[in-house]
Amino acid sequence: MTGEKVTEYERKRIENIKRNEELLASLNIKSKLSDLSASSKRHRVQAKSYKLSPEKKLKSETPVVIRRSLRNQGMKPDSAGLKDDFTEPPKSSLTNLKSQVTSNKSPRELVPISMSDASTCSQSDAVLVNKILSVCELSDTKKANGKVRVAIDLKSMELEPENVARVVPNRILCVKFFPSADMKMVVVGNKFGNVGFWNLDSEGEEGDGIYMYHPHPGPVSAILIQPFSLNKIITSCYDGQIRSLDVEKQTFGLSYTTDHAIFSMSQRLDDVNSLYFGEGHGLVRVWDERSGKSSFSWELHDSRINTIDFNPVNINMMATSSSDGTACIWDLRKVGKSKPKSLKVITRKRAVHAAYFSPSGSLLATTSLDDKIGVLSGANYDDEFMINHYNQTGRWLSTFKGVWGWDDSYIFVGNMKRGVDVISTEERRLVTTLESPNMTAIPCRFDAHPCKPGMLAGATSGGQVYVWSS
DNA sequence: CCTTTAATTAAACGG
DNA sequence: CCGTTTCCATTAAAGG
């Protein structure tokens, strides 16, 4: 699509600007170090009251180039990530200047990064590590990580003030609950490559339950958590990396790297060793984690793939949504050298940003920039009804993606008036909007807690997370 | 055709 | 409280 080329140009331009900025930042980084480290402590203290944040942004010295403070990007004062898709790597002066003030690894480097190196908070994260590992060590009989499928009462859903927090700075692109009923913990990824953890069960514990790391140099596009190995958290990045956090080893390992952006990632329930991700301008790649090889790659779209999802019941069925204006359902039963068989193509007027199967697998919800949410149903997904829904989030907000709740009844999607619209598939209309004075910004990305009915996390473009609960 | 510009938009920050 | 800054979306329209 022509839009893609504009984006490419834009990216290139921004990269150059960023590079200049990095150079300037390096020149006077020493004078800023004290300020940066001093204020990084305050960040956590104020994390739950974003409005009163005392953080000071580093004042820009020149109005021409776009400048962002390292702290504003959630980075340690000495770490910096550079991407070089379009030009030669910045050698010489910049590299040397940086090496004078840092011995830390850049998140761009193709090696594992330890959690402590990636941590952006001064406080110890031992409580977080212990929490995750202790739930992992529960005996199988005590474990409660089964996915629930129940009807919920929308009226019971509320947003308590203590379930609001700023977990990371800036724009959140993805949010995910740990798939365990023994935990109320969300993980988010933001535009700067930060991965933030928020333990909502941190009552009586030290700190506020919020921990932040910087394992990626760019936007985090997806988060996967293995239901049966909760200590393994996989993240993908626009800068072409997939990292796998092993909480036991306390390292963000590097699973895959490419020059192309990774916009989406998913996993089949029956195969935890394969990652499916959308790479570049329409490629779906299947990566075998154990062999470290790409088992398949298919050119399925003409533009970026925004979501990949698997039918929870018919496990060979995969749905993709793309900025080429289509959403597709694929049959993965016969994948040899050729592409999977296309079972269904939905064509929309504009980019499609999500296509998710319902919990029973019999419905497919699509969200498109053409201001419609579509629901496919029927034996071959031949029936479709559309709901008008304003999806123009503009430049500063992540796009809306309608997600399913705990059964096939409802789809949850953000709206531009700081509410969560709820669409009933039974009534085929918008039935209610979740609103709360505690929701002071627009929630764009959602995740329903797989084991706790009524618990829904909404994430904003300002780094906040709202956890609604019954 | 391809390339480039402008306009749009919400929220955090700071004076 | 209000003006400034954000700048990895997206599209339409203008320009070559």
Side-chain angles (χ1 to χ4, degrees), chain A residues 1-21 39 42-43 46-47 49-69 71-74 81-86 166 168-174 189-194 216-221 236-241 259-264 280-281 303-304 306 322-325 348-353 368-371 390-401 414-419 439-445 459-464 466:
Chain A
M1 289 191 108
T2 53
E4 282 289 314
K5 282 175 186 158
V6 175
T7 307
E8 288 267 308
Y9 164 78
E10 184 76 7
R11 277 186 64 173
K12 190 172 177 177
R13 198 179 118 260
I14 303 234
E15 280 312 316
N16 285 330
I17 292 167
K18 207 154 108 188
R19 198 163 294 123
N20 290 336
E21 180 216 329
S39 47
R42 280 176 291 168
H43 172 74
Q46 289 292 332
S49 56
Y50 80 107
K51 269 192 172 169
L52 303 172
S53 173
E55 283 183 31
K56 277 195 161 70
K57 214 179 68 174
L58 292 174
K59 192 75 186 155
S60 45
E61 282 95 41
T62 65
V64 184
V65 289
I66 295 167
R67 303 176 60 77
R68 292 185 306 220
S69 74
R71 175 164 32 80
N72 204 24
Q73 297 179 58
L82 287 175
K83 177 174 155 63
D84 305 293
D85 264 0
F86 300 98
R166 210 179 99 182
V168 289
N170 212 280
R171 184 149 142 189
I172 293 174
L173 285 89
C174 47
N190 76 353
K191 196 183 70 178
F192 297 139
N194 296 114
H216 290 290
V220 180
S221 47
S236 62
C237 176
Y238 279 23
D239 284 63
Q241 307 171 346
D259 287 341
H260 306 288
I262 296 170
F263 292 110
S264 49
H281 292 282
S303 185
R304 58 183 269 183
N306 297 307
S322 168
S323 291
D324 67 6
R348 305 289 281 271
K349 283 205 173 68
R350 302 263 294 271
V352 186
H353 272 274
S368 168
L369 288 184
D370 68 2
D371 288 339
Y390 185 79
N391 292 331
Q392 307 307 308
T393 48
R395 179 170 192 167
W396 313 121
L397 268 59
S398 298
T399 51
F400 291 146
K401 294 168 189 272
N415 73 25
M416 292 301 276
K417 287 180 279 186
R418 297 175 181 164
M439 205 157 65
T440 52
I442 295 170
C444 299
R445 299 291 162 92
T460 74
S461 288
Q464 279 190 302
Y466 309 116

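Quantities reported herein were computed from a predicted structural model and do not represent experimental measurements. Chain naming here is simple, since letters A, B, ... match the order of the sequence lines and numbering starts at 1 in each. Only this structure's heavy atoms are used, side chains among them; waters, hydrogens and symmetry mates stay out.
Nucleotide B:dT9 forms no Watson-Crick or G-U wobble pair with any nucleotide shown, as no partner meets the under 3.5 Å limit on both distances.
The phosphate of C:dA9 has neither OP1 nor OP2 within less than 4.0 Å of any side-chain N or O from A:His353. An OP1 or OP2 oxygen of C:dT11 is reached within less than 4.0 angstrom by a side-chain nitrogen or oxygen of A:Arg350. Phosphate contact (OP1/OP2 of C:dC7, side-chain N/O of A:Lys191, threshold under 4.0 Å): present. OP1 and OP2 of B:dA10 both lie 4.0 Å or more from every side-chain N or O belonging to A:Arg171. Contact annotation: A:Arg166 reaches the phosphate of B:dC13 (side-chain N/O to OP1 or OP2, under 4.0 Å). Side-chain nitrogen and oxygen atoms of A:Arg304 include at least one within less than 4.0 Å of the OP1 or OP2 phosphate oxygen of C:dA9. At C:dA9, one or more side-chain N or O atoms of A:Tyr238 fall inside 4.0 Å of OP1 or OP2 (strictly under the cut-off).
Judged by closest nucleotide on DNA chain C, A:Trp396 is the one of A:Trp396 and A:Ala351 placed further toward the 5' end.
Put simply, NZ on A:Lys349 is 19 Å from P on C:dT10, counting in whole angstrom units.
Defined by atom type and a distance below 3.5 Å, a donor-acceptor pair is present between the side-chain atoms of A:Arg445 and A:Thr399. Between the side chains of A:Gln392 and A:Tyr390, no donor N or O sits under 3.5 Å from an acceptor N or O. Side-chain contact of A:Ser221 with A:Ser236: a donor-acceptor pair under 3.5 Å is present, judged by distance alone.
Considering only residues two or more places apart in sequence or on other chains, A:Ser368 meets the side-chain hydrogen bond (donor to acceptor under 3.5 Å, both in side chains) condition with A:Asp370.
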